[in-house]
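Just so we're on the same page: letters track the sequence lines, and every chain starts at 1.
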2 protein chains.
Amino acid sequence: MLPRDSAQPPPGVGPVPGADTRQRLLDAAERLFAERSYEATSLRQVTAAAGANLAAVNYHFGSKQGLFRAVFLRRIEPINTERMGRLAALEAGEAAGQPVVLEELLRALMEPALDLARQEDGRWFARLVGRAFSEPGEHWTAVDAEFHEVRSAFVRAFARSLPHLPPTTLGWRLFFALGVQCVLLAGASQHQRITGGLAGDLAPEVVLDELVAFAAAGLRAPAGEPGT
Amino acid sequence: MLPRDSAQPPPGVGPVPGADTRQRLLDAAERLFAERSYEATSLRQVTAAAGANLAAVNYHFGSKQGLFRAVFLRRIEPINTERMGRLAALEAGEAAGQPVVLEELLRALMEPALDLARQEDGRWFARLVGRAFSEPGEHWTAVDAEFHEVRSAFVRAFARSLPHLPPTTLGWRLFFALGVQCVLLAGASQHQRITGGLAGDLAPEVVLDELVAFAAAGLRAPAGEPGT
DNA sequence: GTCTATATCCTGATAGAC
DNA sequence: GTCTATCAGGATATAGAC
């Protein structure tokens with residue numbers, strides 16, 4: 001009997017004097033899960049930051065994992081929809097005889113997520129989702145299915161775009177390319193520390209260009225590089 | 001008055017019937033911190049896995065963070081020593097007129113850590129250290145200083161090896177290159193899931209080659225890639 | 001829908017006997 | 001060095017009044 005996705009108060013009513021508890025819980029949890037981590041964040045911290053009651057979490061989301069799942073689904077669904085739309089557009093052109101340029105495929109995959117990172121209300125989520133790659137925990141495996149469709153569709157598209165690569169090589173390079181994207185999402189704010197302050201800040205649009213250029217060059221690297 | 005690094009029982013005595021509690025605690029904590037996470041691991045789980053008493057953690061390491069720090073330092077110091085040694089060798093050749101090849105610089109940085117990942121007793125630590133890049137938490141900032149020396153030495157070497165790159169571009173690309181390494185350390189076991197089973201398993205030596213080839217190509221990508 | 005109050009359990013840390 | 005026992009507090013989750 002949880003009001004999962006139902007019964008928002010009628011729109012256009014104005015400030016809604018305190019009715020959007022659900023929304024405020026999602027916002028607060030998103031920020032805290034990103035800033036600390038899922039395990040390090042307590043429901044007490046979430047409800048305090050949201051100005052809500054402790055019991056509200058269980059009422060609206062059933063459990064802490066349910067809260068995490070809701071935080072995650074709220075933002076990943078639009079992103080994945082946009083990714084699939086862009087991929088479909090590229091594939092339509094491909095069917096019409098226009099071969100897909102690797103850089104455009106990378107942008108179709110990465111730009112929707114990186115766009116979020118530069119919007120004020122999406123920065124926390126970007127940091128959070130960047131850790132999906134490497135952070136262990138049940139909260140992640142419980143939402144892993146949301147990646148499947150996009151992942152396999154893009155893997156197929158990359159395989160068509162790089163037909164000369166042996167499958168195992170392609171697999172590892174895609175792993176690297178997806179990994180760089182996640183690392184950027186998770187840690188862009190730390191890059192100054194990591195590179196020893198070598199680079200100044202870069203405008204976010206330029207960072208996307210850098211990311212795409214780096215990943216494309218890596219994917220296109222000559223195969224069979226000799227060792228030491 | 002903690003026996004931080006003192007008084008191991010005399011070597012050559014044999015099984016040491018139960019005297020190496022400290023070592024067993026480090027091993028158990030390393031595995032659990034890597035498998036779950038620092039926050040998700042309780043000291044009770046650690047001591048149970050180590051066959052030790054709960055109070056032993058506080059006796060040997062002072063606190064949970066002290067335990068983490070000890071787990072970390074035990075392995076990172078030899079790795080960083082080897083990295084600096086290899087870098088010094090490359091720089092000696094450089095001073096003698098032999099320019100440093102980018103791939104060799106990358107191998108000097110990455111091979112010591114990836115070697116660990118393929119040794120039975122280093123696999124857990126590899127997974128753990130791979131998350132240093134993106135995982136938040138005080139336990140990480142408390143050991144961050146251990147990276148400084150190696151980081152800045154290699155950043156300078158990369159800058160000399162890629163003199164044509166503007167500093168900001170170099171900064172981002174190094175961020176990406178270091179990020180790919182961490183992603184591989186943290187998630188090599190997950191790469192099958194992520195790439196949709198496209199790639200079979202690859203022998204670890206070959207993975208290093210793939211990583212170096214990918215990162216080198218990314219670092220050398222033509223600058224000023226045009227946007228969409 | 002929102003609240004108070006509470007149940008149940010686990011957390012890191014410590015005191016002090018052996 | 002290792003143990004038992006325990007402290008003080010925080011964790012998730014729920015029951016039930018309003």
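The separation between B:H60 atom NE2 and C:dA13 atom P is 16 Å, rounded to whole Å. Straight-line distance from the CD atom of A:Q45 to the C1' atom of D:dG10: 10 Å, rounded to whole Å. Between the CG atom of B:L67 and the C1' atom of C:dT11 there is a distance of 15 Å, given to the nearest Å. The distance from atom CG of A:N53 to atom P of D:dT12 is 14 Å, rounded to the nearest whole Å. Across the protein-nucleic acid pair, A:E39 atom CD and D:dA11 atom C1' stand 13 Å apart, rounded to whole Å. We find that CZ of B:R24 is positioned 13 Å from P of D:dG1, with the value rounded to whole Å.
Proximity of A:T21 to the phosphate of C:dT2: a side-chain N or O atom is located under 4.0 Å from OP1 or OP2.
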Nucleic acid footprint by protein, nucleotides 13-18 of chain D - heavy-atom cut-off 4.0 Å, B for base, S for sugar-phosphate alone: BB----
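Computed from C1' positions of five pairs at each end, the angle between the two local axes of the helix from C:dG1-D:dC18 to C:dC18-D:dG1 equals 0°, rounded to 10 degrees.
At least one donor-acceptor pair closer than 3.5 Å links the side chain of A:T41 to the backbone N or O of A:L32. Under the 3.5 Å distance criterion, the side-chain polar atoms of B:R69 are left unmatched by any main-chain donor or acceptor of B:K64. The backbone N or O of B:G137 lies less than 3.5 Å from no partner atom in the side chain of A:R36, so there is not a single donor-acceptor pair. With hydrogens and angles disregarded, no donor-acceptor distance shorter than 3.5 Å links the side chain of B:N80 to the backbone of B:V150.
Listed by chain and residue number, B:R160 satisfy the side-chain hydrogen bond (donor to acceptor under 3.5 Å, both in side chains) test with B:E91 (two or more places apart in sequence, or in another chain).
Using a 30° and 60° split on the angle between ring planes, A:Y38 and A:F33 fall in the tilted class, from 30° to 60°.
Between A:D27 and A:R22 there is no salt bridge, since no side-chain N of the basic residue sits under 4.0 Å from a carboxylate O of the acidic one. With respect to A:E111 and A:R83, no salt bridge is recorded, no charged nitrogen being found less than 4.0 Å from a carboxylate O.
Not less than 6.0 angstrom separates the ring centroid of B:F61 from the ring centroid of B:F72.
Considering only side-chain atoms of B:S42, the nucleotide from C:dT11, D:dT4, C:dC3 that sits closest is C:dT11.
At a threshold of 4.0 angstrom between heavy atoms, the contacts of B:T41 are confined to the sugar-phosphate backbone, with no base atom among them.
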